[in-house]
Amino acid sequence: MILYGTAVFEAKLQFLILALTIICSQLPNIQPISMASESHHKENLHNLQLEDEGQHRNPSEVKMSQIVLPCHANHCGELSIGQLLKWMDCTACLSAERHAGCPCVTASVDDIYFEHTIGVGQVVNIKAKVNRAFNSSMEVGIEVSCEDLYSGRHWRVCQAFATFVAKRTDANKVQLRQVVPCTHQEQVEHSLAAERRRMRLIHHDIIQDLLNNKTFQRKNHDEDEALPTERTRVESVELVLPPHANHQVNTFGGQIMAWMENVATIAASRLCNAHPTLRAIDMFHFRGPSQVGDRLVLKAIVNNTFKNSMEVGVCAEAYHRDEPLRHINSAFMTFEVLDEKGRPCPLPPIKPEPQEGQRRYQEALARKKIRLDRKYIISCKQTEVPLSVPWDTSNQIYLSYNNVSALKMLAAKNNWDLFAYYRVEESQSLCFRVEFEMEIPAQRAFILLSDISRRHEWDQHYILCKLLLRVDEDDFIYQVVTPSVSKGGQYQDFILLASRRPPCDSGDPYVIALRSVALPSHPPTEEFHRGECLTGFLFCPQISYYNQASPEVLPYISTDIAGLSSSFYSIFCACRQYLLDNIMCTSAFTPSAL
């Protein structure tokens with residue numbers, strides 16, 4: 001059993017060497033960690049950091065650099081987002097085909113948030129690489145930055161994740177080879193790609209569930225002040241020519257996105273009588289291909305306006321000669337109108353058309369809520385998201401993603417050290433890690449430790465663990481009660497979202513992630529002091545326990561950190577014994593057992 005740590009608490013630094021020396025001396029089956037092992041550990045971390053700094057080149061990585069010319073720009077002298085989308089899709093496709101070794105097509109693109117604009121004369125740098133391959137599809141990560149050639153400044157413009165599907169010209173079934181991550185960042189993205197894929201598959205269901213919620217339905221604005229949406233309707237047709245097609249003679253996905261962005265901009269301009277700025281594009285899926293010779297019918301209309309932004313819906317349909325229309329793609333784009341100082345201007349309310357217009361109006365409200373949830377919970381850095389995010393049915397999948405990803409990113413930290421606690425400037429929290437070997441299969445240990453209601457059998461800090469809500473078959477919300485640190489002190493409780501994930505493939509660990517959430521039905525009470533934490537287990541190949549605790553939890557573990565207690569050792573010895581005692585138990589973990 002080995003204890004690692006990383007912290008920002010100055011008071012604990014003085015106990016550093018004493019802590020781990022005493023803990024190791026108290027463990028009969030553990031050898032004290034030598035300076036040689038510390039040096040070896042630091043050398044490995046140093047080598048990993050060198051790879052991260054550029055000595056390693058991902059085999060699927062493709063880079064594109066383009067100088068923005070006037071022909072690429074809009075009336076403001078800024079790069080057209082449609083042109084940027086074409087370059088992004090081209091770069092990502094080349095990366096996907098480099099990994100697959102065969103033609104690939106764009107299947108979907110996750111939410112894109114444009115942080116900055118790009119001016120004429122500046123350079124756009126686009127980097128794309130395959131994060132993870134599944135059976136016939138793969139996730140490609142895209143990073144866009146801007147470079148000013150005169151000042152030498154660089155800044156990030158946006159990041160995107162696109163899904164590509166390999167298409168062979170013969171009848172053989174495509175089976176992509178797995179991506180082998182080699183750097184710290186690649187390992188993180190490879191691990192999180194499986195969770196992002198999980199979100200994509202149920203994105204549509206989340207919107208439908210929110211729309212079916214009667215409490216979410218809202219009334220329209222006062223019709224006297226509202227502008228009719230009919231005035232924003234745009235319809236345009238494009239003939240697909242050979243320059244618009246890729247090397248498979250299909251219409252280039254980036255070209256379709258550029259045409260869609262063009263009609264969406266026109267619709268937004270008609271509402272505000274000004275030139276709007278595109279800020280975000282929601283996740284979208286390509287429903288079918290289009291070929292050279294097709295006519296693409298593009299339709300756009302403003303679905304709803306909010307205080308300082310508007311949502312424009314765009315639909316792309318294709319037909320060839322007398323064939324019926326085929327639905328190619330739908331997208332939802334968020335625009336703002338900026339004043340001379342770059343601040344968003346207020347926008348007028350709209351009056352939707354009956355039936356279809358009302359449906360689009362309500363769906364825009366649902367997408368706005370989901371968009372804010374995704375941006376707040378997923379797009380922010382882990383350190384910018386508080387531990388206790390309010391939970392509801394509309395953001396449950398994003399909180400589950402954040403729960404699992406936060407644990408994996410905590411595990412992927414490369415500043416864990418056997419002797420020293422490192423300062424983590426961006427996180428006011430104490431993190432520690434405990435590792436111990438398993439005498440039973442990882443799957444069996446995963447099933448046993450997934451039953452949080454039995455944790456009190458081996459963890460003395462869990463007095464009560466009550467199941468409050470079953471979110472789905474892999475996610476549950478519990479109330480956990482822990483004892484007071486001081487005599488006669490107040491008990492502490494936690495509202496924890498427990499997310500368990502089996503491996504996506506042979507290289508993945510089993511994951512049990514727990515993080516604090518705020519549940520409206522269970523607010524803090526005077527009976528307990530409400531705490532926050534991020535904790536969990538990874539099983540690959542040994543058991544690794546991680547904990548990122550808020551300052552309120554520090555008293556529970558301070559004696560162990562200082563080397564004045566062996567409760568960590570006792571708890572994890574009890575955990576090991578619990579696993580051994582229940583190794584013959586064949587019943588799988590089910591919510592009914594809680």
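Just so you know, residue 1 is the first one in the sequence shown, and it goes up from there.
A salt bridge is absent between E195 and K408: the closest approach of a Lys/Arg side-chain nitrogen to an acidic carboxylate oxygen does not fall below 4.0 angstrom. A salt bridge is absent between R501 and D508; no separation between the charged side-chain nitrogens and carboxylate oxygens falls under 4.0 Å. With respect to D282 and K368, no salt bridge is recorded, no charged nitrogen being found less than 4.0 Å from a carboxylate O. Between R360 and E311 there is no salt bridge, since no side-chain nitrogen of the basic residue lies less than 4.0 Å from a carboxylate oxygen of the acidic one. For the pair R196 and E189, the salt-bridge criterion is met [side-chain N within less than 4.0 Å of a carboxylate O].
Closest heavy-atom contact between F446 and V511: CE1-O, 3.3 Å. The minimum heavy-atom distance between F134 and C504, with the atom names listed, is CE2-SG, 4.0 Å. Listed here is the closest heavy atom pair of V68 and G119: CB-O, 3.6 Å. For the residue pair F286 and G253, the shortest heavy atom distance occurs at CZ-O, 3.7 Å.
Across N329, N250, T251, a single residue satisfies side chain to side chain contact (heavy atoms under 4.5 Å, CB included) together with S290, and that is T251.
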Where do L79 and W87 land on the side chain to side chain contact (heavy atoms under 4.5 Å, CB included) test, with the steps shown first?
CA-CA 12 Å; L79 174 64; W87 287 339; 3.9 Å; yes
Run T265 and E261 through side-chain hydrogen bond (donor to acceptor under 3.5 Å, both in side chains) and show every step you take.
CA-CA 6 Å; T265 301; E261 185 268 340; 3.1 Å; yes
Would E186 and N58 count as a side-chain hydrogen bond (donor to acceptor under 3.5 Å, both in side chains) here? Give the steps.
CA-CA 9 Å; E186 287 180 3; N58 188 301; 3.1 Å; yes
Starting from the C-alpha separation in whole Å, work towards a yes-or-no answer on side chain to side chain contact (heavy atoms under 4.5 Å, CB included) for K86 and M257.
CA-CA 7 Å; K86 289 169 64 175; M257 288 189 281; over 6 Å; no
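When only modelled atom types and interatomic distance are considered, N74 and S80 share no side-chain donor-acceptor pair under 3.5 Å. Residues Q187 and S191 bring no donor and acceptor atom of their side chains to less than 3.5 Å of each other. Side-chain N/O atoms of D89 and T106 include a donor and acceptor closer than 3.5 Å.
Within the 3.5 Å criterion, the main-chain N or O of M283 finds no donor-acceptor partner in the side chain of D110. In terms of modelled atom types and a separation under 3.5 Å, the side chain of N125 and the main chain of S65 share no donor-acceptor contact. The backbone N or O of R287 lies less than 3.5 Å from no partner atom in the side chain of R326, so there is not a single donor-acceptor pair. Looking at S516, its side chain does come within 3.5 Å of a backbone N or O of C533 through a donor-acceptor pair. Distance alone, capped at 3.5 Å, is enough to place a donor-acceptor pair between the S95 side chain and the S60 backbone. Side-chain N or O atoms of Q248 include one that pairs as donor or acceptor with a backbone N or O of C104 at under 3.5 Å. Within the 3.5 Å criterion, the main-chain N or O of S145 finds no donor-acceptor partner in the side chain of H116. Between the side chain of N246 and the main chain of V249, a donor-acceptor pair closer than 3.5 Å is present.
Looking at V179 and N131, their side chains never come closer than 4.5 Å, going by heavy atoms from C-beta outward. With a 4.5 Å cut-off on side-chain heavy atoms, M64 and C90 count as touching.
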In a table with atom names and distances, give each donor-acceptor pair under 3.5 Å that connects a side chain of residues 534-544 to protein atoms at least two apart or in another chain.
residue: T535; atom: OG1; partner: Y545; partner atom: OH; Å: 3.0
residue: T535; atom: OG1; partner: Y546; partner atom: O; Å: 2.8

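In this structure H275 satisfies the ring pair (Phe, Tyr, Trp, His ring centres under 6.0 Å) test together with H75, sequence neighbours excluded.
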